[in-house]
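Structure first, then comments.
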Amino acid sequence: MAKSEWSFKSAVELSAALAARKVSAVELTRDAIDRIERHDGKVNAICVRDFERALSAARDADGALARGERKPLLGLPMTVKESYNIAGLPTTWGIPAQKDFIAKEDSLPVTRVKDAGTVIVGKTNVPLALGDWQSYNDIYGITNNPYDLGRTPGGSSGGSSAALAAGYGPLSIGSDIGGSLRVPAFHCGIYAHKPTFNLVAMRGHVAPPAPHLPFERDLSVIGPMARSAVDLSLVLDVMAGPDPIEAGIAYRLELPAARHTAFRDFRVLVIDTDPVMPTDTAVRDTINMLADNLAKAGVRIERSSPLLPDFAASSRLYMRMLMSFLAASFAPDVYAGARAAAAALPERDNSLAAERLRGIALSHRDWVAANAGRTRLRAQWRELFKTYDAVICPVMPTAAYPHDHSPEQEQRRIKIDGKEHIYPDQLAWPGIATLPGLPSTAIPTGFAPDGLPIGVQIVGPWLEDRTPLKLAELIEREFGGFVPPKMFDD
């Protein structure tokens with residue numbers, strides 16, 4: 001069966017076609033299912049299929065459309081990261097001991113997208129405990145990059161990015177603490193938005209068998225993924241807002257409008273590399289080309305600023321706070337070993353690897369001091385955004401790399417222009433937005449010489465998510481965006 005005319009359309013385009021009765025929700029859902037059945041043996045993005053309920057939801061959507069109902073996502077096929085609870089489906093986070101866990105109720109974000117009319121066709125693969133930029137586990141196997149099956153699609157929302165690149169519906173939702181929305185977007189040539197911290201309530205996005213309760217995971221957020229920048233806002237507006245059984249009792253969300261709507265009004269700081277985590281030639285080239293094109297389009301571009309917080313210092317702080325949070329779930333023997341290793345570190349060792357070890361052993365007293373440092377960092381970013389509207393910088397230092405499933409991530413290496421670097425040090429670039437909790441939109445900007453996608457992130461001011469999203473939309477409109485992988489030309 002040949003690719004339908006709808007397979008790679010944006011959600012906005014599909015919504016218009018549904019409203020105009022040019023296509024039905026059932027047809028769109030069957031198209032997504034057909035593509036999964038034909039291609040996912042190679043990609044392995046969809047780890048849990050829910051086709052029967054999807055077709056039933058699509059029939060309901062067609063009935064609602066026929067009655068003249070309009071909802072933001074009505075009739076649109078969507079995939080959901082495996083880490084979200086969906087009633088009646090497994091939630092494992094890739095943890096073998098949880099392979100038989102079945103969620104009893106939908107997570108709040110899933111409830112919100114369902115209430116907006118979406119049709120969920122299945123859940124997408126993740127790494128073990130969402131802890132890698134590769135998406136593989138012993139329950140569901142390895143997810144491959146649709147642009148090169150021998151390479152990672154990114155992680156931990158790698159199943160979602162691969163599904164979007166392969167045409168399995170126009171939308172997905174994922175999560176991000178170490179780049180898990182932005183990195184897969186970068187590696188699969190799609191779009192993702194990491195919202196401002198705590199903008200989207202996370203109830204039900206929790207590792208099994210934890211209870212279905214409101215909570216905040218330090219640094220972590222959930223957010224939308226799509227093949228078009230404009231679709232990100234469509235989903236974010238549905239997902240965002242406080243939990244109705246907690247903060248939502250008193251608070252309502254009212255995001256400010258984008259600062260500007262035309263290139264000529266934007267002031268943007270562009271960073272293409274840093275000694276803390278250098279970027280390779282292909283990544284630098286695409287950032288510089290984008291900067292040049294934006295300048296020609298009227299954007300006021302600057303390439304350095306004393307207002308930019310010290311990247312080395314903030315990266316070290318991020319490593320400590322990230323690992324302090326993640327270590328809470330470490331097995332006792334692993335935690336004890338890491339604490340012993342941290343105690344043996346020379347005081348003068350301020351490498352990122354050393355800071356990760358120190359983070360695992362961080363006392364609450366030291367965490368409070370680190371959190372004070374984060375507060376000062378947020379103040380620095382507030383000052384920067386009085387001069388600039390956005391910061392464009394790398395997501396990762398290289399395009400997608402070959403699968404590397406060696407168990408000790410600290411022992412893995414990536415090559416940047418031929419020189420080896422420590423694999424987890426790549427956390428530095430996602431961390432630039434994660435530590436201060438800032439919104440960041442990942443966009444594709446082109447391809448490396450070997451044909452692999454690359455892109456950038458657009459970091460915006462606190463709670464001004466609409467500003468980086470609007471800049472992403474303008475860039476897509478002016479310079480183009482997602483390009484489907486060749487193996488899915490059929």
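When each of His403, Arg151, Lys42 is paired with Asn144, the side-chain hydrogen bond (donor to acceptor under 3.5 Å, both in side chains) condition holds for His403 and for no other.
Ring-plane geometry between Phe482 and Tyr147 is classed as perpendicular, the angle between the planes exceeding 60 degrees on a 0 to 90 degree scale with a lower cut at 30.
In this view, Asp404 and Ser406 satisfy the side chain to side chain donor-acceptor pair (under 3.5 Å) rule, not counting sequence neighbours. When the salt bridge (Lys or Arg N to Asp or Glu O under 4.0 Å) test is applied to Asp272, the partners found at least two apart in sequence or on another chain are Arg303. In this structure, the salt bridge (Lys or Arg N to Asp or Glu O under 4.0 Å) partners of Arg358, at least two apart in sequence or on a different chain, are Glu355. The salt bridge (Lys or Arg N to Asp or Glu O under 4.0 Å) search around Asp274 returns none, not counting sequence neighbours. The side chain to side chain contact (heavy atoms under 4.5 Å, CB included) search around Arg382 returns Arg378, Ala379, not counting sequence neighbours. For Glu383, the salt bridge (Lys or Arg N to Asp or Glu O under 4.0 Å) criterion is met by Lys386, not counting sequence neighbours. Taking Phe266 as the reference, His260 meet the ring pair (Phe, Tyr, Trp, His ring centres under 6.0 Å) condition, with sequence neighbours excluded.
Residue pairs meeting the salt bridge (Lys or Arg N to Asp or Glu O under 4.0 Å) criterion with at least one partner in residues 275-299, sequence neighbours excluded, are Arg284-Asp417. Contacts classified as salt bridge (Lys or Arg N to Asp or Glu O under 4.0 Å) and involving residues 122-135 (residues at least two apart or in different chains) are given here: Asp132-Arg412. Sorted by first and then second residue, the ring pair (Phe, Tyr, Trp, His ring centres under 6.0 Å) pairs with a member in residues 171-202 read His187-Tyr401; sequence neighbours excluded. Counting only residues at least two apart or in different chains, ring pair (Phe, Tyr, Trp, His ring centres under 6.0 Å) contacts with residues 293-335 comprise Phe311-Trp429. For residues 423-443, the pairs satisfying salt bridge (Lys or Arg N to Asp or Glu O under 4.0 Å) are Arg356-Asp425, with sequence neighbours left out.
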